[in-house]
Undergrad: 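My structure is below; once you've seen it, I'll send some questions.
As a basis for the values below, the full set of heavy atoms in this structure was taken, side chains included, without hydrogen atoms, waters or symmetry mates. Remember, it's a predicted structure, so these values are computed and weren't measured experimentally.
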Amino acid sequence: MCLHDLIADEFARTKSLSALIYLIERGREVQFSFRGKEYFISNDKSQKYVSLWEGQNEQSFDSVEALLEHAALANSALLSVWPEVQIGTVF
């Protein structure tokens, strides 16, 4: 198993923020849900470097770290609710 696969497996098991940063910076995309809504993190077609999408609503940031620090889900800071999200698919 290659390093990339090990990190992707770590993310799937633990929702590790460092693994998330690694995966997004290497072009992967993550779909997840929170309180019945679907979200998507991607740097494909983002206004800036990376975006958090809820439907057509985009929150765009200059780095994955900025997204994690400043994005909001249902009026809550992403970092504060990250333990509650349900990871769907890693593309």
Undergrad: List the atom of Trp53, the atom of Lys45, and the distance in Å for their closest heavy-atom pair.
TA: CZ2-O, 4.2 Å
Undergrad: Write down the atom of Tyr49, the atom of Ile24, and the distance for their closest heavy-atom approach.
TA: OH-O, 4.4 Å
Undergrad: Kindly determine whether Arg35 and Ser76 satisfy side-chain contact (heavy atoms from CB on, under 4.5 Å), including the steps that lead there.
TA: CA-CA 11 Å; Arg35 296 183 184 165; Ser76 298; 4.2 Å; yes
Undergrad: Run the side-chain hydrogen bond (donor to acceptor under 3.5 Å, both in side chains) test on Glu29 and Ser42 for me, step by step, so that the C-alpha distance in whole Å, both residues' side-chain angles and the decisive distance to 0.1 Å come before the verdict.
TA: CA-CA 5 Å; Glu29 300 172 330; Ser42 174; 2.7 Å; yes
Undergrad: Side chains of Ile87 and Phe11: closer than 4.5 Å at any heavy-atom pair?
TA: yes
Undergrad: Evaluate the side-chain contact (heavy atoms from CB on, under 4.5 Å) criterion for residues Asp62 and Val50: first the C-alpha distance (whole Å), next the side-chain angles of each, then the deciding distance (0.1 Å), finally the verdict.
TA: CA-CA 7 Å; Asp62 292 326; Val50 65; over 6 Å; no
Undergrad: Do Leu73 and Val85 make a side-chain contact, defined as non-hydrogen atoms from C-beta onward lying under 4.5 Å apart?
TA: yes
Undergrad: For the hydrophobic clusters of this structure (ILVMFWY residues joined by side-chain heavy atoms under 4.5 Å, transitively), does one cluster hold both Leu3 and Val90?
TA: yes
Undergrad: Take the angle between the ring planes of Tyr22 and His4 and call it parallel below 30°, perpendicular above 60°, tilted in between.
TA: tilted
Undergrad: Quick check for you: to the nearest 0.5 Å, what is the distance between Arg28 atom CZ and Thr89 atom OG1?
TA: 10.5 Å
Undergrad: Using ring centroids (six-membered ring only for Trp), state whether Phe32 and Trp82 fall under 6.0 Å.
TA: yes
Undergrad: On a heavy-atom basis, which atom in Tyr39 and which in Ala74 lie closest, and how many Å separate them?
TA: OH-N, 3.8 Å
Undergrad: Under the 3.5 angstrom rule, does the side chain of Lys15 hit a backbone N or O of Pro83 as a donor-acceptor pair?
TA: yes
Undergrad: How many angstroms lie between atom OG of Ser60 and atom CG of Asn43, to the nearest 0.5 angstrom?
TA: 10.0 Å
Undergrad: Any side-chain heavy-atom pair from Glu58 and Gln47 closer than 4.5 angstrom?
TA: yes
Undergrad: Take Ser18 and Ser16 through the test side-chain hydrogen bond (donor to acceptor under 3.5 Å, both in side chains) and record every step on the way to the result.
TA: CA-CA 5 Å; Ser18 58; Ser16 162; 3.0 Å; yes
Undergrad: Kindly indicate whether the side chain of Asn57, heavy atoms from C-beta on, has any atom under 4.5 Å from the side chain of Leu52.
TA: no
Undergrad: Working to the nearest 0.5 angstrom, can you tell me the gap between Glu54 CD and Ser33 OG?
TA: 11.5 Å
Undergrad: When you compare the side chain of Leu67 with that of Gln59, does any pair of heavy atoms fall below 4.5 Å?
TA: no
Undergrad: Indicate the atoms forming the closest heavy-atom contact of Leu79 with Leu17, along with that distance.
TA: CD2-CD1, 3.6 Å
Undergrad: Contact between Phe34 and Gln86 at the side-chain level, heavy atoms closer than 4.5 Å - yes or no?
TA: no
Undergrad: To the closest 0.5 Å, what do you measure between CG (Leu20) and CD (Glu25)?
TA: 9.5 Å
